[in-house]
K.L.:
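This structure is in structure tokens; I'll ask about it shortly.
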Amino acid sequence: MKMEIRRLFPGDDALVMQVAEDVFDEPVRPDRLAAYLREPGHFMIVALADSLVIGQCAAVIHRHPDKVSELYIDEVGVSPAFQRQGIARDMLDAMFAIGREHGCEEAWVGTEPDNLAARAL
């Protein structure tokens with residue numbers, strides 16, 4: 001099985017039509033994905049196993065008039081069958097690189113106190 005971490009761009013909608021269980025909260029709608037990817041400052045990374053999406057990471061840039069730009073990691077999801085293999089970490093590393101390319105000096109993500117996997121990440 002070939003594993004790949006890939007940034008999505010407008011027009012990459014077809015890559016997200018085969019998705020493993022529990023990667024996203026709801027089924028991906030092509031129109032919503034296209035709108036998301038067209039929006040400046042919105043980024044999505046996916047982890048692919050062959051042509052199956054097994055992980056996703058979405059982020060947006062927050063620009064402020066009084067402080068540095070920051071990358072807000074909005075979502076991170078990896079199918080349970082592929083967890084604990086470093087996929088989430090690889091997607092975050094790719095997303096942090098995108099943030100640096102766009103001038104972000106800080107990044108942050110929030111999670112619930114009882115989400116131990118996210119807190120460990």
Side-chain angles (χ1 to χ4, degrees):
M1 178 181 317
K2 180 185 173 202
M3 191 83 69
E4 176 185 10
I5 303 296
R6 182 171 174 172
R7 177 180 172 186
L8 296 183
F9 292 94
D12 284 341
D13 313 7
L15 287 174
V16 188
M17 294 304 106
Q18 292 185 327
V19 180
E21 180 181 349
D22 293 329
V23 172
F24 291 92
D25 295 330
E26 301 291 332
V28 175
R29 283 187 28 189
D31 60 325
R32 289 181 179 169
L33 177 61
Y36 184 89
L37 294 175
R38 278 194 311 267
E39 194 68 31
H42 285 76
F43 307 101
M44 182 168 283
I45 299 286
V46 293
L48 298 164
D50 296 325
S51 60
L52 180 67
V53 175
I54 59 169
Q56 60 90 12
C57 178
V60 297
I61 293 178
H62 287 271
R63 300 194 188 279
H64 305 277
D66 62 334
K67 54 187 168 185
V68 299
S69 295
E70 52 194 13
L71 185 69
Y72 170 62
I73 308 297
D74 185 45
E75 298 275 339
V76 178
V78 176
S79 177
F82 294 90
Q83 291 177 357
R84 302 260 189 250
Q85 297 179 36
I87 295 167
R89 168 54 54 199
D90 290 346
M91 290 189 302
L92 281 176
D93 287 345
M95 192 61 82
F96 292 153
I98 291 170
R100 284 190 297 275
E101 289 170 14
H102 287 85
C104 294
E105 296 182 28
E106 297 180 0
W108 55 282
V109 62
T111 191
E112 297 80 15
D114 63 343
N115 187 337
L116 300 179
R119 292 182 61 189
L121 177 63

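The first residue in the sequence is number 1, and the count goes up from there.
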K.L.:
Output side-chain donor-acceptor pairs under 3.5 Å for residues 54-61, partner residues at least two apart or in another chain, one line each.
P.N.:
unit_1: Gln56; atom_1: NE2; unit_2: Val23; atom_2: O; d: 3.3

K.L.:
Give the table of side-chain donor-acceptor pairs shorter than 3.5 Å for residues 1-19, with sequence neighbours excluded, one pair per line with atom names and distance.
P.N.:
unit_1: Asp12; atom_1: OD2; unit_2: Phe9; atom_2: N; d: 2.8
unit_1: Gln18; atom_1: OE1; unit_2: Ser51; atom_2: OG; d: 3.0

K.L.:
Determine, using the 4.5 Å side-chain heavy-atom cutoff (strictly less than), whether Leu48 and Leu37 are members of one ILVMFWY cluster.
P.N.:
yes

K.L.:
Among all residues two or more places apart in sequence or in another chain, which pass the ring pair (Phe, Tyr, Trp, His ring centres under 6.0 Å) test with Phe24?
P.N.:
none

K.L.:
Sequence neighbours excluded, which residues qualify as ring pair (Phe, Tyr, Trp, His ring centres under 6.0 Å) partners of Tyr36?
P.N.:
His42

K.L.:
Filter on side chain to side chain donor-acceptor pair (under 3.5 Å), then keep only pairs touching residues 65-80, sequence neighbours left out; what's left?
P.N.:
Arg63-Ser69, His64-Glu70, Glu70-Trp108

K.L.:
Write out all pairs satisfying salt bridge (Lys or Arg N to Asp or Glu O under 4.0 Å) with one or both partners inside residues 20-30, taking only residues at least two apart or from two chains.
P.N.:
Arg29-Asp31

K.L.:
Check whether Ile73 and Ile87 end up in the same hydrophobic cluster, where Ile, Leu, Val, Met, Phe, Trp and Tyr are linked by side-chain heavy atoms less than 4.5 Å apart.
P.N.:
yes

K.L.:
Are Val46 and Phe43 in one and the same hydrophobic cluster, where Ile, Leu, Val, Met, Phe, Trp and Tyr link if side-chain heavy atoms are under 4.5 Å apart?
P.N.:
no

K.L.:
Could you work out, with side chain to side chain contact (heavy atoms under 4.5 Å, CB included) as the rule, every residue matching Ala107, not counting sequence neighbours?
P.N.:
Leu71, Phe96

K.L.:
Supply the atom-to-atom distance Met95 CE to Asp90 CG, rounded to the nearest 0.5 angstrom.
P.N.:
13.0 Å

K.L.:
What heavy-atom pair brings Ala94 and Ile45 nearest, and what distance separates the two atoms?
P.N.:
CB-CD1, 4.0 Å

K.L.:
Once side chain to side chain donor-acceptor pair (under 3.5 Å) is applied, what residue pairs with a partner in residues 95-104 remain, sequence neighbours excluded?
P.N.:
none

